[in-house]
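Worksheet: the structure to be examined is printed underneath.
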Amino acid sequence: MDIATIEQAAAAEGLTLRGAFHPTAADAVPGLLDGRPTCTLVLLGNVGPDLWSAFAAAPEYGDGAPDPLNRWSERVVGALADALGARPLFPFGRPPYRPFVAWAKRAEPVAESPLGMLIHPDHGLWHAYRGALAFAGKIALPAPGRRLRPCDTCATTPCLTGCPVGAFTTEGYDVAACARHVAAPAGADCLELGCRARRACPVGPERQYHPAQARFHMAAFLAARRAEARA
Ligand code: B12
Ligand code: SF4
Ligand code: SF4
């Protein structure tokens with residue numbers, strides 16, 4: 001198995017290869033189901049709107065059942081894992097969540113932004129992870145390139161002043177304040193076009209999600225909050 005084969009197989013399904021690494025015990029990557037340790041972890045996800053056309057054409061998108069993108073990810077990443085001889089792992093589900101944020105930092109040049117979300121030097125804040133493939137074999141990987149964190153040279157940090165309700169503070173992300181605003185009529189801009197603070201970031205503007213994708217994610221965020229409140 002080589003990394004280019006995995007990248008091509010993922011791309012054929014609408015997923016982008018989001019880097020890979022050779023885990024150590026500190027990475028807390030589970031082994032394969034037959035007991036072998038994971039020697040290579042490959043992350044898959046989306047960069048900008050690249051996954052959207054594949055997902056919007058899938059049966060899960062319009063079937064009306066909960067969590068369509070997660071179910072699509074389980075089906076597609078699960079099928080890739082079967083075909084490539086890997087174990088699929090997912091960032092969603094029930095807590096405790098798999099530490100995808102820490103894995104992402106090992107796999108590609110992403111770093112925490114002042115918003116908490118990971119920023120990529122090319123894709124900005126417009127990217128996410130849909131799953132990972134755990135392989136027993138040690139797959140040869142390109143040497144990690146050194147990239148600068150865009151926030152280190154961002155003089156005005158417009159992301160920190162972009163939120164109309166000040167949900168991003170030095171204390172962290174005020175999820176309740178954000179959700180209240182997005183659910184209210186005054187939050188229609190965030191609901192329809194995506195997080196305004198995220199949109200204020202000048203990095204990777206061409207990767208910004210289109211309105212249909214932005215609305216889908218924001219509606220999913222509100223649905224997750226409602227489900228949390230009911231639990
Ligand atoms: C739980 C969770 C949430 C919770 C946050 C709970 C909280 N803060 O109290 C809720 C449902 C609110 C949430 C929302 C969003 N999330 Co979220 N979330 C997760 C999840 C599943 C687990 C995080 C966790 O608890 N890890 C375990 C703890 C121990 O590790 P931690 O690093 O300390 O985790 C903290 C942060 O990750 C933070 N967090 C999680 N999501 C977000 C989003 C923002 C904007 C910020 C500032 C912080 C934050 O909250 C965690 C607990 O304090 C991760 C996936 C994963 N497996 O990691 C995605 C993840 C972090 N979320 C992600 C995203 C994109 C979002 C949204 C922006 C989705 C959207 N709507 O587009 C929204 C934010 C809404 C907005 N303003 O736009 C991405 C981030 C990608 C990136 N570029 O960095 C991840 C990695 C999922 C993915 N599939 O890629 N999320
Ligand atoms: S606006 Fe500046 S500080 Fe904020 S995430 Fe973008 S590059 Fe980083
Ligand atoms: S979605 Fe809107 S209310 Fe929520 S953090 Fe982003 S800018 Fe603030």
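Atoms within a ligand are numbered from 1 in the order they appear, just like the ligands themselves.
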Ligand 1 atoms in contact with Leu115 (distance to a heavy atom under 4.0 Å): 46 (C), 47 (C)
Tell me which protein heavy atom sits closest to atom 55 (C) of ligand 1, plus the residue, atom name and distance to 0.1 Å. Pro91 O, 3.6 Å
Can you tell me if Phe168 contacts ligand 1 (heavy atom of the residue under 4.0 Å from the ligand)? yes
Should Phe135 and Met1 count as side-chain neighbours, where that means a heavy-atom distance under 4.5 Å? yes
Relative to ligand 1, is Cys195 under 4.0 angstrom through side chain, backbone, both or neither, heavy atoms considered? side chain
Which atoms of ligand 1 are found less than 4.0 Å from any heavy atom of Met218? 71 (N), 78 (O)
Quick note on ligand 3: atoms under 4.0 Å from a heavy atom of Ala197 include exactly 7 (S)
Just which atoms of ligand 1 are under 4.0 Å from any heavy atom in Val175? 7 (C), 8 (N), 9 (O), 12 (C)
If you scan protein heavy atoms around atom 81 (C) of ligand 1, the nearest is His127 O, 3.7 Å
Heavy atom to atom 6 (Fe) of ligand 3, shortest distance: which of Cys195, Ala186, Ala183 holds it? Cys195
Does the gap between the ring centers of Phe216 and Phe55 come in under 6.0 Å? yes
Side-chain H-bond candidate by donor/acceptor type, Arg18 with His127, under 3.5 Å: yes
Can Arg207 and Asp50 be counted as an ion pair, charged N to O under 4.0 angstrom? no
CA sep, side-chain torsions, deciding dist, call: Gln213, His217, side chain to side chain contact (heavy atoms under 4.5 Å, CB included): CA-CA 6 Å; Gln213 184 177 5; His217 288 302; 3.6 Å; yes
Let's go through Leu125 and Ser113 carefully: what are the C-alpha distance in whole Å and the side-chain angles of both, what is the deciding distance for side chain to side chain contact (heavy atoms under 4.5 Å, CB included) to 0.1 Å, and is it a yes or a no? CA-CA 8 Å; Leu125 301 170; Ser113 69; 3.8 Å; yes
Going by atom types only, do Asn70 and Ser73 share a side-chain donor-acceptor pair under 3.5 Å? no
Nearest protein heavy-atom contact for atom 74 (C) of ligand 1: which residue, which atom, what distance? Tyr173 OH, 3.5 Å
Check: Cys163 and Cys178 side chains under 4.5 Å, non-hydrogen atoms: no
Out of Phe92, Tyr97, Phe90, the nearest non-hydrogen contact to atom 1 (C) of ligand 1 is supplied by Tyr97
Checking contacts here: is it the side chain or the backbone of Cys178 that comes within 4.0 Å of ligand 1, counting heavy atoms only? Could be both or neither. side chain
Ligand 3 atoms in contact with Phe168 (distance to a heavy atom under 4.0 Å): 5 (S)
Pull out every atom of ligand 1 sitting under 4.0 Å from any heavy atom of Leu118, numbered as shown with elements. 82 (C), 83 (N), 84 (O)
Counting only heavy atoms closer than 4.0 Å, does ligand 3 sit against the backbone of Arg198, its side chain, both, or neither? neither
Consider every N or O of Tyr129 and every N or O of ligand 1, then say whether any pair is closer than 3.5 Å. yes
Could you tell me, atom by atom, which parts of ligand 3 come under 4.0 Å of a heavy atom of Cys190? 1 (S), 2 (Fe), 7 (S)
So, do Leu133 and Leu84 sit near enough that their side-chain heavy atoms are less than 4.5 Å apart? yes
Which residue from Val182, Leu89, Val101 reaches closest to atom 86 (C) of ligand 1 through any of its heavy atoms? Val101
Could you tell me whether the side chain of Leu148 reaches within less than 4.5 Å of the side chain of Thr153, counting heavy atoms only? no
Under 4.0 Å from atom 50 (O) of ligand 1, is there at least one protein heavy atom? no
Calculate, to the nearest 0.5 Å, the distance between atoms CG and CD belonging to Leu44 and Glu13 respectively. 10.5 Å
Between His181 and ligand 3, find which residue part has any heavy-atom pair under 4.0 Å and reply side chain, backbone, both or neither. side chain
Between Trp126 and Tyr209, ring centroids under 6.0 Å: yes
Numbering as shown, the atoms of ligand 3 that approach Met218 to under 4.0 Å (heavy-atom distance): 1 (S)
Give a yes or no on whether a salt bridge exists between Glu192 and Arg215, defined as a side-chain N under 4.0 angstrom from a carboxylate O. yes
Any protein heavy atom at under 4.0 Å, with atom 34 (O) of ligand 1 as the reference point? no
Under a 4.0 Å threshold between the charged nitrogen and the carboxylate oxygen, would Glu112 count as salt-bridged to Lys105? yes
Please name the pair of heavy atoms, one in Val165 and one in Ala177, separated by the smallest distance, quoted to 0.1 Å. CG2-O, 3.9 Å
Protein non-hydrogen atom below 4.0 angstrom of atom 76 (C) of ligand 1 present: yes
Looking only at protein heavy atoms, identify the closest one to atom 4 (Fe) of ligand 3 and say how far it is in Å. Cys178 SG, 2.3 Å
Of the protein's non-hydrogen atoms, which lies at the shortest distance from atom 14 (C) of ligand 1, and what is that distance? Phe221 CD1, 3.8 Å
Quick check: does any side chain N or O of Thr38 sit under 3.5 Å from a backbone N or O of Leu41, one acting as donor and the other as acceptor? no
Measure across Ile119 and Cys201 and return the closest heavy-atom pair with its distance rounded to 0.1 Å. CD1-SG, 4.0 Å
Please state whether His120 comes within less than 4.0 angstrom of ligand 1, counting heavy atoms only. no
Would you mind counting protein N, O or S atoms that sit less than 2.8 Å from atom 2 (Fe) of ligand 2? 1
Any heavy atom of Pro164 closer to ligand 3 than 4.0 angstrom? yes
I'd like to know: is atom 8 (Fe) of ligand 3 within the 2.8 Å range of an N/O/S atom from Cys163, strictly under that distance? yes
Between the side chain of Asp27 and the main-chain N/O of Val29, is any donor-acceptor distance below 3.5 Å? no
Side-chain donor/acceptor of Arg106 to backbone N/O of His22, under 3.5 Å: yes
Could you tell me whether Arg225 approaches ligand 1 through its side chain, its backbone, both or neither, with non-hydrogen atoms closer than 4.0 Å? neither
Within 45° of the ring axis of Trp103 and under 6.0 Å from its six-membered ring centre, is that where the NZ or CZ of Arg98 lies? no
Taking atom 67 (C) of ligand 1 as the reference point, the nearest protein heavy atom with its distance: Arg198 NH1, 4.8 Å
May I ask you to say whether Asp34 pairs ionically with Arg87, meaning some side-chain N is under 4.0 Å from a carboxylate O? no
